[in-house]
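Below is one structure; the comments refer to it alone.
Convention: sequence-line order gives letters A, B, ...; per-chain numbering from 1. Computed from heavy atoms alone, side chains included, the values below leave out hydrogens, waters and symmetry copies. This structure is a prediction, so every number in the text was calculated from the model and none was measured.
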There are 2 protein chains.
Amino acid sequence: MRSNVAKKQLESKTTTGTASRPYRIEEQVGYLLRRAHQRASAIFQVGIGDPNITPTQYSSMVKLNEYTELSQNLLGRLVGMDKATMQGVVRRLKERGLVDSRPDPGDARRTLLSLTTEGNRLVTKLLLNGPAVSRETLKPLSQQEQRQLLDLLSRIV
Amino acid sequence: MRSNVAKKQLESKTTTGTASRPYRIEEQVGYLLRRAHQRASAIFQVGIGDPNITPTQYSSMVKLNEYTELSQNLLGRLVGMDKATMQGVVRRLKERGLVDSRPDPGDARRTLLSLTTEGNRLVTKLLLNGPAVSRETLKPLSQQEQRQLLDLLSRIV
DNA sequence: CCCATATCGTTTGTGTACACACGATGACAT
DNA sequence: ATGTCATCGTGTGTACACAAACGATATGGG
């Protein structure tokens, strides 16, 4: 009973005169994004080829593979990670000998990051599995729908 | 140079004869889902009306508001949370006096959860802001695109 | 040159998120 | 009734994710 009060109040119109649908948590973007992200992470974990590499570690390594050397902060911006989060990701990659760092000779505030030989070898291997992971995640959709989803997602990011 | 080797190898065909595009991390579903989820969470945090309530806490409370009483495990399934994750979410909600628990009289393994009066009052208030949060998150898209995105997301979950 | 301001990386604290192991309980077949 | 197997909640360990505060360094204006 109590809950119906809340639901009623939510049935206000949006912009059009169309009656808005009841508020269901399962139909909200945020909720769906969380669930979809969970599933994508699970597929990544089993499909990328190394159970100890996480999605964020992977994207960091891919970016370092592209740019050779990057400051920690710039890398964070490129892969969409908070600097505090980046700190942990980099620390773990360094502990595993996949990433190296040196002070930026031109700016004492910065740390320059690069892949080690082993890091380079590992990304090269994982990159072979990358497309399959994406394909598996998108499998429920047709080719056209896959493109649509990628387009829509990139526009709300 | 080294990285070009990896990229070359990834340019294998998918199913059709179409030349596949180069592998860019920014175009992969998993990456886009992570970024989109980040943005949705940020919008939620400022828009839901209580900075101390997180998206998972919110969806748990909404479900408890719908069902009145649920076992912790079932609630977890309904909102897509691991039981270990659920444990933490419920503990925090209980600490704040928003949720109550009692042993299931018919099954000693289960804990039954419900909203307290205060929890009920809070969800009712937050539910008023829910639609605006979703609207804000989807703002970059047209009405039709919004529906499409929700449809595509629910199909890959 | 100096000062206000900004950037960079670190640290701390809180909160998801999941794997794994554990103990208690329930369900079911023999 | 008993033993096997599943379910439920808990605890531990690891890893994102971000806010806030901090010290060190850089930059640009006066």
Side-chain angles (χ1 to χ4, degrees), chain A residues 30-31 33-46 48 50-60 70-96 98-99 101-113, chain B residues 30-31 33-46 48 50-60 70-96 98-99 101-113:
Chain A
Y31 179 84
L33 285 171
R34 181 172 67 82
R35 301 296 303 270
H37 179 238
Q38 281 175 6
R39 175 163 168 274
S41 300
I43 292 173
F44 178 94
Q45 200 218 322
V46 307
I48 201 61
D50 184 330
N52 295 319
I53 294 294
T54 64
T56 49
Q57 290 171 6
Y58 173 70
S59 46
S60 299
L70 286 170
S71 77
Q72 186 167 311
N73 216 277
L74 179 52
L75 174 58
R77 279 198 296 275
L78 289 174
V79 296
M81 274 185 253
D82 186 81
K83 60 186 180 176
T85 303
M86 198 73 247
Q87 215 274 328
V89 173
V90 167
R91 179 174 46 74
R92 284 180 282 271
L93 289 175
K94 289 208 293 194
E95 282 168 3
R96 292 180 210 168
L98 300 172
V99 158
S101 66
R102 64 178 180 116
D104 186 328
D107 187 336
R109 294 170 304 176
R110 291 196 175 101
T111 304
L112 294 178
L113 303 174
Chain B
Y31 179 84
L33 286 171
R34 181 172 67 81
R35 301 296 303 270
H37 178 236
Q38 281 176 5
R39 174 164 170 273
S41 300
I43 292 173
F44 179 94
Q45 201 220 321
V46 307
I48 201 60
D50 185 331
N52 295 319
I53 293 296
T54 65
T56 50
Q57 290 171 4
Y58 173 70
S59 45
S60 299
L70 286 170
S71 78
Q72 188 167 310
N73 216 275
L74 179 52
L75 174 57
R77 279 198 297 276
L78 289 175
V79 295
M81 275 186 252
D82 186 80
K83 60 186 179 175
T85 303
M86 198 72 247
Q87 217 271 329
V89 173
V90 167
R91 180 174 45 74
R92 284 180 281 270
L93 289 174
K94 288 209 293 194
E95 282 168 2
R96 292 182 211 166
L98 300 171
V99 158
S101 67
R102 64 178 181 117
D104 186 329
D107 186 339
R109 294 170 304 176
R110 291 197 175 102
T111 302
L112 293 178
L113 303 174

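Rounded to whole angstrom, the span from the CD atom of Gln38(A) across to the C1' atom of dA19(C) amounts to 14 Å. If you take CG of Asn73(A) and P of dA6(C), they are 16 Å apart, rounded to a whole angstrom. Atom C1' of nucleotide dT10(C) and atom CZ of Arg91(A) are separated by 11 Å, given to the nearest angstrom. Taking atom CG of residue Asp82(A) and atom P of nucleotide dG9(C), one finds them 13 Å apart after rounding to whole Å.
Within 4.0 Å of Arg96(A), counting heavy atoms only, lie sugar-phosphate atoms of the nucleic acid but no base atom. Across all strands, Thr56(A) comes closer than 4.0 Å only to sugar-phosphate atoms, never to a base (heavy-atom distances). The residue Arg39(B) sits apart from the nucleic acid: no heavy atom pair falls under 4.0 Å. Nucleic acid contact for Arg92(B): base, since at least one base atom lies under 4.0 Å from a heavy atom of the residue.
When all heavy atoms of Ser59(B) and Val79(B) are compared, the pair lying nearest together is O-CG1, 3.7 Å. Residues Ser60(A) and Met86(A) share a closest heavy-atom pair of OG-CE, 3.5 Å.
Taking Asp82(A) as the reference, nothing meets the salt bridge (charged side-chain N to carboxylate O under 4.0 Å, His left out) condition, with sequence neighbours excluded. Residues passing the ring-ring contact (aromatic ring centres under 6.0 Å, His included) test with Phe44(B), sequence neighbours excluded: Tyr58(B). With sequence neighbours excluded, the residues that form a side-chain hydrogen bond (donor to acceptor under 3.5 Å, both in side chains) with Asn73(A) are Arg77(A). Applying the side chain to side chain contact (heavy atoms under 4.5 Å, CB included) rule to Pro51(B) yields no partners; only residues at least two apart in sequence or on another chain are considered.
At least one donor-acceptor pair under 3.5 Å links the side chain of Arg96(A) to the backbone N or O of Asn52(A). A donor-acceptor contact shorter than 3.5 Å is absent between the side chain of Arg34(A) and the backbone of Pro55(B).
Once you apply a 4.0 Å limit to the heavy atoms of chain A, the touched nucleotides of DNA chain D run 5' to 3' over dA15(D) to dA26(D).
Under 4.0 angstrom from either OP1 or OP2 of dG9(C) there lies no side-chain N or O belonging to Gln72(A). Listed pair Arg77(A) / dC8(C) meets the phosphate criterion, a side-chain N or O lying under 4.0 Å from OP1 or OP2.
Listed by residue number, Arg109(B), Arg110(B), Thr111(B) are the residues of residues 103-113 of chain B with a heavy-atom contact under 4.0 Å to DNA chain D.
By the 4.5 Å heavy-atom criterion applied to side chains, Ile53(A) and Leu98(A) are counted as neighbours.
Along DNA chain D, the nucleotide nearest to Ala84(A) and the one nearest to Gln57(A) differ in position, and the one closer to the 5' end is contacted by Gln57(A).
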